[in-house]
Asks: 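Below you'll find the structure I mean.
Counting convention: from 1, in listed order, for ligands and their atoms alike.
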Amino acid sequence: MNRRDALRSITLTAGVAGVGGLLPALSSCAHETHAPQSAPVLLLEPSFDRALPILPSAPPTLTLSAASATTSIRKGALSPSMSYGGNIYGPTIDVAMNDAVAVRLVNNLSVDTNIHWHGLAVPADMDGHPSRVAAPGSSIPYAFVIQQRACHAWYHSHVHGETGRQVTMGLAGSVLVRDAAEAALGLPTGVDEVVLMIQDKRLDMAGHQTYAPSASDIMNGHLGNHCTVNGMIGPVLATSRGWKRLRIVNASTARVFNLGMSDGIPMVVIGSDGGLLGAPQATRDVLLSPGERLDVLIDLSSLPAGGNAFLETRPFGGSATQGTNGVRVLRFDATAELGPSFTVPAALVPQPPISEEQAVRVRTFDIANIHDGGHDGHAGHGSMGHTINGIRYRMERTDIEVEANSVERWVFDNTKGTEVHPMHVHGAFMRILQRTGGRGTLATHEGGIKDTVLCMPGERVEVLVAIERHRGMYLLHCHQIEHSDDGMMLNMEVR
Ligand code: C2O
Ligand code: CU
Ligand code: CU
């Protein structure tokens, strides 16, 4: 049985046994009281029957109208969604170094919304802090200048307590930042460069996406039963036989993907959250957690005309609730046409110097604890809540003070934790130093500049944090959005 058949049979067996029927008993949680852990939610294998929607490009001056919409996530069904002007999600905003961005967010929803520019270094009052939201019928003008290296940033709503729902429904989009160093590499471009917004969705029998996290979803994540790309289950991209550049963002609230190519198709990681790596890294598969981006080259030149290959997410270990099965995510159908000839450059771009000697202080963040939010005078009403260092988010409180243009050494400690926490910082970029416990190693894309880092159960991750130049209030939070909506977030003031 080859691997593809093995994947199919895993899916089939899971379907017969029902959700959780195959899975080992979950290890009991270290906390004294906690919401019950439910069985993992398995992803269902799609049938591939519709063309991949390509997210439209937009210039940096535009209006984004957040509105309710409908979209066809599953073939033959229309689902409720939210969008910035389309059926789901927003356009891919194309910008270059020194470009002025002027985006007017118009709120045509019946609830508050705002926009956070995840991965862009912007002034604090432009960053989408949850204290600044547009009420229904009102708008927010976002204006800032791009001053950072080429990267794949993204934007999404950041209304405290509602981020998970709004991002899941579709209030998210990509930003591609370009620069001369990237252009000099001659990477695949035009139709050979594709933004893939990957998001798991929980669909009901009618094919409608739902978002109503239960107590156990707030612990384990609101995991979907389907994987979508650009808002669609089982998409197909007809493409020439050659190299492709995939600009992937995991827009799920909680699901971690283990992405790889079928049939031994070569896959080369060239970048992550904060831009290109120093050198390309060939890989078989890569764990990508919510909020992270992956810039990857794949080589389809060995496919025969009419042949196909799949981007898939594979099973992985380390968590009781995630990675329990694998499915195919996106099919590439090879046309007769040959793609432009391309050789992966031996070196990419020099990395910004962020060194250990620059670190002016060390901070440790205990991310393993779920506290009774009511006992310490902080927010909470005697209910369980997600915390960082035992503190639950409160809008008006400053939790961390850091200096503009400084470097700190941070430790995210999930050693005693049982949950998956992708930790994300606004107004700063990270370089990952080491991971101990759990996987005990860094993944291929983690050698680059990051803004989000995955901390699996049992892991302790040390990073250098380079604080950006803008002063004001930013955030540090878990990008497992059920956790951040539940309070796993701190205010960070840059002084
Ligand atoms: Cu993508 Cu504060 O988040
Ligand atoms: Cu962010
Ligand atoms: Cu978390």
Asks: Which angle, to 10 degrees, forms at the Cu ion (ligand 3) with ND1 of H483 on one side and SG of C478 on the other?
Replies: 130°
Asks: Find out whether M456 and H421 are in side-chain contact, i.e. whether some heavy atom of one side chain is under 4.5 Å from a heavy atom of the other.
Replies: no
Asks: I'd like the atom name of the N/O/S atom in H421 lying closest to the Cu ion (ligand 3).
Replies: ND1
Asks: Kindly state whether the ring of H129 and the ring of H158 have centres lying under 6.0 angstrom apart.
Replies: no
Asks: Which atom, counting only N, O or S, brings H477 closest to atom 2 (Cu) of ligand 1?
Replies: NE2
Asks: Step by step, would you call H477 with H483 a ring-ring contact (aromatic ring centres under 6.0 Å, His included)?
Replies: CA-CA 9 Å; H477 64 90; H483 292 175; over 10 Å; no
Asks: Mind checking whether the Cu ion (ligand 2) has an N, O or S of H116 under 2.8 Å?
Replies: yes
Asks: Strictly under 2.8 Å, is any N, O or S atom of H479 next to the Cu ion (ligand 2)?
Replies: no
Asks: Tell me which N, O or S atom from H158 is the closest to atom 2 (Cu) of ligand 1.
Replies: NE2
Asks: Would you please indicate yes or no on a ring centroid separation below 6.0 angstrom for H470 and W117?
Replies: no
Asks: With a cut-off of 2.8 Å, does H116 place any N/O/S atom under that distance from atom 2 (Cu) of ligand 1?
Replies: no
Asks: May I ask you to check if any N/O/S atom from H426 comes under 2.8 Å of atom 2 (Cu) of ligand 1?
Replies: yes
Asks: Is the distance between the ring centroids of H152 and W154 less than 6.0 Å?
Replies: no
Asks: Please determine if R471 and E401 form a salt bridge, counting it only when a charged side-chain N lies under 4.0 Å from a carboxylate O.
Replies: no
